[in-house]
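What follows is one structure encoded as C-alpha cells, with my remarks underneath.
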Amino acid sequence: IKIFGVGHYPDSTAATNATIINTHLNVGHEADGLHLEGLKIMGTLSFDANAASGISNVVVRRCYMQNITASGSNIHNNNLFSENVIQNISDLSAIQASGFYSNIIESRIYNIFLNVFENNVFIFHASVGYFAINNAQSSVFNNNVFENYGVSDGNANSFSNNLIGGSSALSLGTNATSNSNFRIDPADTYLNETNQIFEYTDNFHLTGTALSVQGDDGSQVGIYGGIF
C-alpha cells in the first residue's frame, strides 16, 4: 500500500490544505512495503506488536507525526524514516536494523537498538540529568545536531561528526565510540529555533559558525546535508 498526501507545511499546502489522518495509525500484520508520504498524522504511528513475522520495508517520508511506538518481541527490520517532523518517539525497541535520516525530532527517544540516525536535528534541550537518546544500544549516530549536551545513556553506540550543544561534560553513554564530534552554543546553531518546540516558522539552516563543521560525507550536518 502506498499513501501520498500533499504535505503538511502551510507554505506548500495553502491551496489544498494539509493531508491529515486525524487519529492513530497502526501498521499491522502483512504491511511489508507500506509507503507513507506527505501526511500529517495527528496521533501515534504504531507497529503492531502481534505481527508475528515482523513488518519490514516500510517507508515514512515527509510526514508529521505526534509519536512513534514499536514494542514487543516481534522485531521489525529494514524500515526507513526520512525528512519527517516527529514530536515524540516513546518506544523504538521493536524497530531494528532501520534508518532515520534528515528528521526533525522534538522530544526524547527511548529504546534504540541496532539503528542508524544520520543528519537529524534533535531539538530537545534540558538541564543536567536528561538525555536526548535514552537506552540506545549498538546504534550509529552520524552528522546529527543535538541541542542537548546530554546525548545518550546507552551502551556501545558510535557517534561521528555530530554537532552537540552546550559546554558541560559530554554524555555519550558507556563503551561509546566517538569521532570528530563538535561542541557549540545552541544559540549559535540555527538561523531561527529558540524554544525547543517545533514550529513552522523555525529555520533549521545552520549559522556560519555551525556550517564550519562538516559531516563524514563532506556535506553539512543536520537536515540540509546527507543523502536525502
Leu206 vs Tyr190, side-chain contact (heavy atoms from CB on, under 4.5 Å): CA-CA, chis, key distance, verdict: CA-CA 5 Å; Leu206 302 179; Tyr190 307 115; 4.0 Å; yes
Could you tell me if [Y] and [X] have a donor-acceptor pair between their side chains, going purely by distance under 3.5 Å?
X: Asn203; Y: Asn192; result: no
X: Thr207; Y: Asp188; result: no
X: Asn119; Y: Ser102; result: no

Side-chain donor/acceptor of [X] to backbone N/O of [Y], under 3.5 Å:
X: Asp216; Y: Asn142; value: no
X: Asn115; Y: Ile95; value: yes
X: Ser98; Y: Gln96; value: yes

Geometric class of the Phe100/Phe81 ring pair [parallel <30°, tilted 30-60°, perpendicular >60°]: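 Ring orientation of Phe81 relative to Phe100: parallel.
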Verdict with supporting geometry, Val116 and Tyr101, side-chain contact (heavy atoms from CB on, under 4.5 Å): CA-CA 8 Å; Val116 175; Tyr101 299 88; 3.9 Å; yes
Assigning hydrophobic clusters by single linkage (Ile, Leu, Val, Met, Phe, Trp, Tyr; side-chain heavy-atom cutoff under 4.5 Å), is [X] placed with [Y]?
X: Phe4; Y: Leu39; result: no
X: Leu80; Y: Ile68; result: no
X: Val85; Y: Met42; result: yes
X: Val140; Y: Phe182; result: no
X: Leu114; Y: Tyr110; result: no

Residues forming a salt bridge (Lys or Arg N to Asp or Glu O under 4.0 Å) with Glu37, sequence neighbours excluded: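 In terms of salt bridge (Lys or Arg N to Asp or Glu O under 4.0 Å), with neighbours along the sequence ignored, Glu37 is linked to Arg61.
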Kindly compute the distance separating [atom1] ([X]) from [atom2] ([Y]), expressed to the nearest 0.5 Å.
X: His35; Y: Ile3; atom1: NE2; atom2: CD1; result: 10.0 Å
X: Leu36; Y: Leu34; atom1: CG; atom2: CG; result: 4.0 Å
X: Phe159; Y: Asn181; atom1: CZ; atom2: CG; result: 8.0 Å
X: Gln66; Y: Lys40; atom1: CD; atom2: NZ; result: 8.5 Å
X: Thr209; Y: Ile184; atom1: OG1; atom2: CD1; result: 6.0 Å
X: Asn157; Y: Ser178; atom1: CG; atom2: OG; result: 11.5 Å

Residue pair Phe117 / Ile112, side-chain heavy-atom distance below 4.5 Å: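 Side chain of Phe117 against side chain of Ile112, heavy atoms only: contact under 4.5 Å found.
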Side-chain touch Phe204/Val145, heavy atoms, less than 4.5 angstrom: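 No, their side chains stay 4.5 Å or more apart.
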side-chain contact (heavy atoms from CB on, under 4.5 Å) evaluation trace for Val60 with Met65: CA-CA 10 Å; Val60 184; Met65 290 162 282; 3.8 Å; yes
Side chain to side chain donor-acceptor pair (under 3.5 Å), paired with Asn144, selected from Asn120, Asn103, Asn161: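 For Asn144, the side chain to side chain donor-acceptor pair (under 3.5 Å) check succeeds only for Asn120.
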Testing the basics here: between [X] and [Y], what is the closest heavy-atom pair and its distance to 0.1 Å?
X: Phe141; Y: Asn162; result: O-ND2, 2.9 Å
X: Gly154; Y: Ser152; result: N-OG, 3.0 Å
X: Tyr64; Y: Gln87; result: OH-CD, 3.1 Å

Partner residues of Glu199 under the side chain to side chain donor-acceptor pair (under 3.5 Å) criterion, sequence neighbours left out: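 Residues passing side chain to side chain donor-acceptor pair (under 3.5 Å) with Glu199: Asn195.
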By side chain to side chain donor-acceptor pair (under 3.5 Å) - contacts of Ser93 (at least two apart):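 Residues passing side chain to side chain donor-acceptor pair (under 3.5 Å) with Ser93: Asp91.
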Non-neighbouring partners of Phe113 that pass ring-ring contact (aromatic ring centres under 6.0 Å, His included), sequence neighbours left out: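 Phe113: no ring-ring contact (aromatic ring centres under 6.0 Å, His included) contacts found.
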Partner residues of Phe131 under the ring-ring contact (aromatic ring centres under 6.0 Å, His included) criterion, sequence neighbours left out: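 For Phe131 there are no ring-ring contact (aromatic ring centres under 6.0 Å, His included) partners, ignoring immediate neighbours.
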Pairs of donor and acceptor atoms involving the side chains of residues 45-59, under 3.5 Å and at least two apart or interchain, shall be tabulated with distances.
unit_1 : atom_1 : unit_2 : atom_2 : d
Ser46  : OG     : Asn26  : OD1    : 3.0
Asp48  : OD1    : Asn50  : N      : 2.9
Asn57  : OD1    : Asn78  : ND2    : 2.5

Qualifying side-chain hydrogen bond (donor to acceptor under 3.5 Å, both in side chains) pairs with a residue from residues 1-22, counting only residues at least two apart or across chains: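 Residue pairs passing side-chain hydrogen bond (donor to acceptor under 3.5 Å, both in side chains), neighbours aside: His8-Tyr200.
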side-chain hydrogen bond (donor to acceptor under 3.5 Å, both in side chains) contacts in which one or both residues fall within residues 131-140, not counting sequence neighbours: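 Those involving residues 131-140 are Arg108-Asn134, Asn111-Asn135, Asn135-Gln137.
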side-chain contact (heavy atoms from CB on, under 4.5 Å) partner of Phe146, the single match among Val121, Ile133, Ile123: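 Only match with Phe146 under side-chain contact (heavy atoms from CB on, under 4.5 Å): Ile133.
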Other ILVMFWY residues reachable from Ile197 by side-chain steps of under 4.5 Å: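 None; Ile197 is a cluster of one.
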Other cluster members, Ile75 - Ile/Leu/Val/Met/Phe/Trp/Tyr, side-chain contacts below 4.5 Å: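 Joined to Ile75, directly or through intermediates: none.
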Pairs involving residues 10-29, ordered by first then second residue, that meet ring pair (Phe, Tyr, Trp, His ring centres under 6.0 Å) (sequence neighbours left out):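 Sorted result for residues 10-29: empty, none.
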Verdict with supporting geometry, Glu147 and Thr189, side-chain contact (heavy atoms from CB on, under 4.5 Å): CA-CA 8 Å; Glu147 288 197 28; Thr189 306; 5.7 Å; no
Would you give me the side-chain donor-acceptor pairs under 3.5 Å for residues 217-228, sequence neighbours excluded?
unit_1 : atom_1 : unit_2 : atom_2 : d
Asp217 : OD1    : Ser219 : N      : 3.1
Asp217 : OD1    : Ser219 : OG     : 2.9
Asp217 : OD2    : Ser219 : OG     : 3.1
Ser219 : OG     : Gly226 : N      : 3.0

